[in-house]
Amino acid sequence: MKQNEKKIERAFLKKISGTDLFLLGVCLLFYLLFPIFDGPVWCKDSLSYSGMDISREPLYPMFLALMKVQMGAEISESGMMAAVVVQSLIAGFATWYAGYMIKKTKNDSRILQFATIALQFAVSLLCRFAAIRSSVYIDCIMTEGLCLSLFVLFTVELYLCVITEKKRHIAAVMILSFLLFSIRKQMLITIIIMGAVFGWYYIIRSRRIRKFCALVLLMIAAMLAGKLLDRTYNYVVRGAWIEHCHNSMGFLCVLLYTSDVENDRNLFEDETLKTLYLDIMEQAEEEEILYDDAEEGWLPLAVHFADSYDAIGYGIINPVVEGYIGENFSYSEVEAALKYDEICDGMVRTLLRQKKGPLMQVWAYNIWRGFVNSIARATNLLSLYSLAVYLCVGALALYLTVQKKKLRAMEQQIGRSLTFMFIVIIAIAVNSLTVGLTIFTQPRYMLYSMGLFYAACCMMLYDIVQIRKSL
């Protein structure tokens with residue numbers, strides 16, 4: 001093991017100071033204040049999780065069921081309160097852990113520790129007091145209640161994987177990835193993020209192909225474990241060895257939004273699919289929730305698409321397709337869900353042949369909105385701010401890369417800041433691209449890396465200050 005890696009490991013193993021324990025208490029108390037004052041917040045998706053809907057990934061419904069059992073099967077409200085308390089405790093620990101590990105890897109800097117914690121607090125306070133929803137996600141009965149915190153832990157552990165290469169951090173990042181995409185399928189982005197980061201570190205930088213291949217096998221094992229959990233869960237709950245359903249509906253909404261009826265109706269060879277498609281599009285045209293109904297400009301189009309998405313999916317596709325299945329078949333819940341997926345899959349395969357102009361425009365605007373929502377809020381003014389910030393980060397990274405080669409004494413510290421920012425930027429890019437192509441990039445799906453992005457900025461600015469002092 002390299003000398004610097006030994007120092008990092010010794011730092012991790014040192015007894016946690018009284019100040020660090022105090023900060024842990026502050027973090028836990030901060031997040032516990034939300035359920036104490038607001039209680040569990042129910043959202044439009046909450047019932048599908050608490051009711052173990054067949055369209056949902058297994059882990060979050062299992063978590064809610066466990067909370068109900070712990071508090072008594074007849075006291076579901078107490079179970080939900082227990083759930084948000086646990087979510088708050090995890091959020092408090094994740095915030096503290098991020099600050100603690102950044103401190104330990106950056107010269108025991110209390111300033112960076114405080115900044116990291118404060119930035120995570122700030123994101124929660126913005127959600128509670130500045131956003132329209134007026135609630136923090138960790139206080140809600142929804143997957144973000146766990147995913148936001150676990151993603152912070154995932155990012156920090158991935159950072160530690162790169163700078164220490166210790167097996168326990170590799171194991172932790174694989175387990176966290178498994179937990180995340182078993183809670184929410186969007187979190188399959190963790191596999192892509194790991195692939196990009198490990199590819200950069202083990203193929204481009206250190207030329208260790210065998211190490212990279214071993215990590216790829218672990219990622220595949222994590223994905224297979226997720227599929228096994230999904231099937232086992234549905235087998236226990238429904239007696240069917242299947243994964244959760246309704247995965248195609250989201251992408252179908254995107255394709256329907258940009259579809260042109262006059263041209264695309266001729267793409268359908270199956271008359272049943274064609275009839276269902278025409279029925280859906282007729283209703284969507286009446287409600288003015290298609291591409292041609294949006295106002296000019298990138299932001300109006302992106303917002304109109306986001307507003308139309310659920311209206312198309314839950315307001316039109318579900319009633320039309322489920323109504324057809326109910327009228328023509330005597331299916332069980334599982335059989336109906338599988339038939340639903342078959343119909344949606346068929347429409348997706350057909351509509352993928354539509355003209356790509358409008359689709360590419362929606363994708364481009366949606367993806368950019370994702371980049372903006374990852375660090376700010378998608379408005380015309382804040383989109384300019386976001387572009388300026390991303391360009392400044394690029395300039396700072398270039399400056400630090402040049403200085404790193406000149407200042408051997410600071411090479412390690414600068415390298416850690418650049419590594420952390422690289423991981424965060426990869427996470428933002430992968431999330432924006434993936435969500436932007438398959439769903440709409442509202443803040444709820446995008447703010448996973450917001451606090452960590454600004455923490456990484458602080459790390460880079462800290463290094464610049466240290467460089468100026470050394471000159």
Side-chain angles (χ1 to χ4, degrees), residues 2-8 11-12 98-120 122 152 154-165 169 193-194 196-208 371-372 374-376 384-432 448-471:
K2 296 179 181 178
Q3 190 64 29
N4 67 309
E5 293 171 357
K6 292 181 180 179
K7 290 180 180 178
I8 295 172
F12 292 160
Y100 179 74
M101 286 305 176
I102 286 176
K103 175 180 80 81
K104 284 296 183 184
T105 58
K106 292 294 293 182
N107 287 330
D108 278 326
S109 171
R110 286 287 183 197
I111 293 175
L112 289 178
Q113 183 181 23
F114 293 152
T116 301
I117 292 172
L119 288 164
Q120 291 297 119
V152 170
F154 166 83
T155 304
V156 174
E157 286 297 320
L158 186 56
Y159 165 63
L160 295 174
C161 279
V162 173
I163 67 172
T164 71
E165 299 189 36
H169 297 304
I193 293 167
M194 284 191 291
V197 171
F198 289 145
W200 161 73
Y201 187 73
Y202 289 108
I203 295 179
I204 297 175
R205 282 194 58 186
S206 57
R207 309 288 182 178
R208 286 181 283 171
F371 274 96
V372 176
S374 295
I375 64 170
L384 294 175
Y385 158 81
S386 300
L387 178 61
V389 170
Y390 283 124
L391 291 175
C392 284
V393 165
L396 289 177
L398 181 61
Y399 172 77
L400 288 174
T401 301
V402 172
Q403 295 301 317
K404 177 185 172 185
K405 296 176 181 178
K406 295 179 181 178
L407 303 172
R408 306 299 296 180
M410 292 191 63
E411 180 181 6
Q412 184 188 85
Q413 288 299 312
I414 294 173
R416 291 175 190 172
S417 298
L418 292 173
T419 296
F420 193 72
M421 178 56 85
F422 174 77
I423 292 171
V424 172
I425 289 293
I426 288 292
I428 289 174
V430 169
N431 195 33
S432 297
Y448 287 88
S449 299
M450 184 179 287
L452 296 176
F453 173 81
Y454 289 107
C457 289
C458 290
M459 292 169 69
M460 296 171 73
L461 292 173
Y462 174 85
D463 287 339
I464 290 174
V465 170
Q466 297 304 311
I467 290 170
R468 303 309 299 175
K469 286 181 178 179
S470 67
L471 296 179

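Numbers here simply count residues along the sequence, with the first being 1.
- Atom CG in Leu396 sits 11.0 Å away from atom CG in Leu391 (nearest 0.5 Å).
- Residue Arg416 comes nearest to Met459 through the heavy atom pair O-CE, 4.1 Å, listed as atom of the first residue, atom of the second, then distance.
- In terms of the side-chain contact (heavy atoms from CB on, under 4.5 Å) criterion, residue partners of Ala115 (sequence neighbours excluded) are, by chain and number, Cys458.
- Summarising the geometry of Cys161 relative to Phe198, their closest heavy-atom pair is CB-CE2, 4.2 Å, with the distance given to 0.1 Å.
- At least one side-chain heavy atom of Ile425 sits less than 4.5 Å from a side-chain heavy atom of Phe453.
- With rounding to the nearest 0.5 Å, the separation of CD in Glu157 from CE in Met194 is 12.0 Å.
- The two atoms that bring Ile414 and Leu400 nearest to each other are CG2-O, 3.5 Å, heavy atoms only.
- The heavy-atom pair separating Ala98 from Val152 by the smallest distance is CB-CG1, 4.0 Å.
- Expressed to the nearest 0.5 Å, how far CD1 of Ile117 lies from CG of Leu112 amounts to 11.5 Å.
- Gln120 has its side chain within reach of Leu452: a pair of non-hydrogen atoms, C-beta onward, lies under 4.5 Å apart.
- The shortest heavy-atom contact between Leu119 and Ala455 is CD1-N, 3.4 Å.
- A pairwise comparison of heavy atoms in Val393 and Cys457 identifies CG2-SG, 3.8 Å as the closest pair.
- Under the side-chain contact (heavy atoms from CB on, under 4.5 Å) test applied with Thr116, the options Ile102, Ile111, Val156 reduce to a single match, Ile102.
- Atom CD1 in Ile423 sits 10.0 Å away from atom CD1 in Ile193 (nearest 0.5 Å).
- Residue pairs that meet the salt bridge (charged side-chain N to carboxylate O under 4.0 Å, His left out) test with at least one member in residues 110-120, sequence neighbours left out, are Asp20-Arg110.
- Side-chain contact check for Thr105 versus Thr164: every heavy-atom pair is 4.5 Å or farther apart.
- Taking OG of Ser449 as the reference point, atom CD1 of Ile426 lies at 11.0 Å (rounded to 0.5 Å).
- The list of side-chain hydrogen bond (donor to acceptor under 3.5 Å, both in side chains) pairs with a residue in residues 457-467, not counting sequence neighbours, reads Lys106-Asp463, Ser417-Asp463.
- Applying the ring pair (Phe, Tyr, Trp, His ring centres under 6.0 Å) test to residues at least two apart or on different chains, the pairs with a partner in residues 403-429 are Tyr159-Phe420, Trp200-Phe422.
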Applying side chain to side chain contact (heavy atoms under 4.5 Å, CB included), run through Tyr454 and Ile375 and close with a yes or a no.
CA-CA 8 Å; Tyr454 289 107; Ile375 64 170; 3.7 Å; yes
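- Screening residues 399-413 for salt bridge (charged side-chain N to carboxylate O under 4.0 Å, His left out) gives Arg408-Glu411 as the qualifying pairs, with residues at least two apart or on separate chains.
- Contact check for Val197 versus Thr419: no side-chain heavy atoms found under the 4.5 Å cut-off.
- Applying the side-chain hydrogen bond (donor to acceptor under 3.5 Å, both in side chains) test to pairs two or more places apart or on separate chains, none has a residue in residues 390-399.
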